[in-house]
Amino acid sequence: MYNDHMPRFENHASCSDHDPELWFPQEKSGNRAWSRTPEAMKAREICSSCPALQECLDYSLQYAGLYGIWAGLDWYERADIQ
């Protein structure tokens, strides 16, 4: 079954060559420390030069409840943009 909620930029995004766990560190309720772990900071660094950065940001803003790091931003940072 086709899921139209999947990003269409995955094939040219920098994250496709890395462990997905970098972008989905363990969140702790009420604590943003997860978004500053070494893993999350590496994900943010990879995102910063990604050719799909704008597409990823657009996608993450369209689906506001996404967990993890998207376009180099955590949920709170994306919420601030919205």
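Every heavy atom of this structure was used, including side-chain atoms; hydrogens, water molecules and symmetry mates were not. Position 1 is the first residue of the sequence; numbering continues from there.
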Contact check, side chains of Ser35 and Ile69, non-hydrogen atoms, under 4.5 Å: yes

So which atom in [X] and which in [Y] form the shortest heavy-atom distance, rounded to 0.1 Å?
| X | Y | result |
| --- | --- | --- |
| Trp23 | Cys47 | NE1-SG, 3.2 Å |
| Cys56 | Ala71 | SG-N, 3.1 Å |
| Leu66 | Trp75 | O-CD1, 3.7 Å |
| Leu22 | Ala43 | O-CB, 3.6 Å |
| Leu73 | Arg44 | CA-NH1, 4.1 Å |

TODO: Verify whether one side chain among Gln62 and Asp58 offers a donor that lies under 3.5 Å from an acceptor in the other.
DONE: no

Value for CD (Glu55) from NE2 (His12), rounded to nearest 0.5 Å, stands at 3.5 Å

Value for CG (Leu57) from CZ (Arg78), rounded to nearest 0.5 Å, stands at 9.0 Å

Grouping I, L, V, M, F, W and Y whenever their side-chain heavy atoms are under 4.5 Å apart, do Ile46 and Trp34 come out in a common cluster? yes

- Checking Tyr59 side chain against Gln54 main chain: does a donor-acceptor pair fall under 3.5 Å? no

Determine whether Asp74 and Arg36 satisfy the following criterion, salt bridge (charged side-chain N to carboxylate O under 4.0 Å, His left out), listing intermediate values before the conclusion. CA-CA 9 Å; Asp74 67 26; Arg36 300 292 180 205; 5.2 Å; no

Contacts of Ala13 meeting side-chain contact (heavy atoms from CB on, under 4.5 Å) (sequence neighbours excluded), chain-then-number -> Phe9, Cys15, Cys50, Ala52

side-chain contact (heavy atoms from CB on, under 4.5 Å) filter on Gln82, not counting sequence neighbours, yields Leu61, Ala64

